[in-house]
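One structure below.
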Protein chains: 2
Amino acid sequence: MPASSRTGFQEVRDEVLQRIQDRVWAQGALLPTELELAEEFGCARATVNRALRELADRGIIDRKRKSGTRVAVTPVKQAKLEIAVVRQQVEEMNAAYRYALVAQTEKASPDWLTAQIGLPQETPVLHLKCMHYADNRPYQFEERWISTAAVPQVRQANFSDVGPNEWLLAEVPFSDAEITLSAEPADPTTAGFLDTAPGTALFRMERATWFQGQPLTFVRMTFHPGYRMTTRY
Amino acid sequence: MPASSRTGFQEVRDEVLQRIQDRVWAQGALLPTELELAEEFGCARATVNRALRELADRGIIDRKRKSGTRVAVTPVKQAKLEIAVVRQQVEEMNAAYRYALVAQTEKASPDWLTAQIGLPQETPVLHLKCMHYADNRPYQFEERWISTAAVPQVRQANFSDVGPNEWLLAEVPFSDAEITLSAEPADPTTAGFLDTAPGTALFRMERATWFQGQPLTFVRMTFHPGYRMTTRY
DNA sequence: CAGTGGTCTAGACCACGGT
DNA sequence: CCGTGGTCTAGACCACTGG
């Protein structure tokens, strides 16, 4: 036997992908059935199934019972955004991470927040402002609201040393989140924290988080000027 | 027998996820082996395997041979960014889509581009400027460079009616891409196209594309003021 | 109705990596 | 060494859907 082992699902997956990229099977074209491919590759149908399922998950092909498998007309471009904790991001740049708590108050949820994440009216929320630094240069200004009804233990937490992001990750399970990315001009306060001029274009990421339908927290992260978020696919 | 059918991989997957969210298995905790779970759920090991594999793909659990399966300490927050064609985006908002070609020139690749996507020096590139409108209001300003060496048929293409984005998707296969998101102040030209003031904070997405290692195209998409990109997970 | 993918099974062997 | 996950198989039945 040659060194290469027998046909595995990865080989099938890669070979099919290759044929699609090389236009052996053009866009919208019908692929052979799983059974036919299994015969061609000399493996079980389950192996072909797994290979094709992975390609379908990536949006490369469309599968329908009875109709068969087709090359997707619009290859779904889905990029994975890796959302890391700020400290990790900074440390991966080989920069020294520093965190500072700026302000902490508890009050009734403002109306815009109530509406945005679906809180009951007059719910008390803990409002935090924090700064994250990389090598002592401003990296991210974080403004966060936490529902004290949904996360009662937050009252005992001390955010002087550990940021609310890491605390919540460790303490509170969550099931769903919604992320919004945008570009915003720096307001005077944010500009001050990020050591830039008001009006500067800043990259912002907002995230609302729920646990089994119950709103937990909303965070607005505004990054230093020039910040870029990159991903591959 | 109760109405619910027999145990499938989705039930196993959801039940395991539930137990993790409910902290039945805390962060870093060791889960039972596949064999044990298969016994508990009354199904084959392959079924448990598929359930756990999906959770591992989502970053919920970490699996290692011999060590076993553990709840991930830092649940990898990976959001899928769906990158749709501009026309689709606009039409999904129930707005009328309009496209216009602004300029088209062919010249040697500028140095910054050569470096950015790894083109050989002095490579000729086709440079396009386009506008995309939603209900006749500026939606996106697109600036694109296409390697005419890698995509020779681009010389015959007519970009008066169909945007380069859609043309490339239909004509040219590609295998890899790198996406960068940022916030930029509007330069005078862009501000003019997007009908806003210079310096306005604008959301920008850049994408470089390769086919089997060969650079094909680079596109810079700058969106109208107030644009927001949203995703869930 | 019949073709195609979707899933499950019971068993098997392999590969990695702690002990 | 040997436990655990990774994968493959041959066969089976089911579910959806186009004709």
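In what follows, every chain begins at residue 1, and chains take the letters A, B, ... in the order their sequences are listed.
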What's touching nucleotides 15-19 of chain C from the protein side, N or O pairs under 3.5 Å?
unit_1 : atom_1 : unit_2  : atom_2 : d
C:dA15 : N3     : B:Arg65 : NE     : 3.2

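A cation-pi arrangement is absent between B:Arg144 and B:Trp167, since the terminal nitrogen or guanidinium carbon is not both under 6.0 Å from the aromatic centre and inside a 45° cone about the axis. Geometrically, B:Arg220 engages B:Trp112 in a cation-pi contact defined by less than 6.0 Å to the ring centre and at most 45° from the axis.
The salt bridge (charged side-chain N to carboxylate O under 4.0 Å, His left out) contacts involving residues 159-172 of chain A comprise A:Arg87-A:Glu166, where partners must be two or more places apart or lie in separate chains.
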**OP:** Could you please spell out the steps behind the salt bridge (Lys or Arg N to Asp or Glu O under 4.0 Å) verdict for A:Arg45 and A:Glu39?
**Re:** CA-CA 8 Å; A:Arg45 182 170 80 96; A:Glu39 279 181 27; over 6 Å; no
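With hydrogens and angles left out, the side-chain atoms of B:Thr230 and A:Thr180 include a donor and acceptor closer than 3.5 Å.
Between the CZ atom of A:Arg70 and the P atom of C:dG5 there is a distance of 11 Å, given to the nearest Å. Rounded to an integer number of Å, the gap from CG of B:Asn49 to C1' of C:dA10 is 14 Å. Whole-Å rounding puts the B:Leu55 CG to D:dG6 C1' distance at 16 Å.
Near DNA chain C, meaning a heavy atom under 4.0 Å away, the residues from residues 23-47 of chain A are A:Thr33, A:Glu34, A:Arg45.
A donor-acceptor pair under 3.5 Å is absent between the side-chain atoms of B:Ser147 and the main chain of B:Val125, judged by distance alone. In terms of modelled atom types and a separation under 3.5 Å, the side chain of A:Thr69 and the main chain of A:Leu31 share no donor-acceptor contact. Under a 3.5 Å cut-off, the side chain of B:Arg70 and the backbone N or O of B:Gly28 do form a donor-acceptor pair.
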Which pairs would a plain distance check flag for residues 151-159 of chain A, meaning a side-chain donor or acceptor within less than 3.5 Å of a matching protein atom at least two apart in sequence or in another chain?
unit_1   : atom_1 : unit_2   : atom_2 : d
A:Arg155 : NE     : A:Glu106 : OE2    : 3.4
A:Arg155 : NH2    : A:Glu106 : OE2    : 2.9
A:Asn158 : OD1    : A:Ser160 : N      : 2.8
A:Asn158 : OD1    : A:Ser160 : OG     : 2.7

Report, one line per pair, each donor and acceptor closer than 3.5 Å where one atom sits in a side chain of residues 133-141 of chain A; sequence neighbours left out.
unit_1   : atom_1 : unit_2  : atom_2 : d
A:Asp135 : OD1    : A:Ala96 : N      : 2.7
A:Asn136 : OD1    : A:Arg98 : NE     : 2.9
A:Tyr139 : OH     : A:Gln89 : OE1    : 2.9

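Helix bend of the helix from C:dC1-D:dG18 to C:dG18-D:dC1: the angle between its two end axes, each built from five pairs, comes to 10° after rounding to 10°.
Among D:dG5, C:dG6, D:dT7, the nucleotide with an atom closest to any side-chain atom of B:Arg63 is D:dG5.
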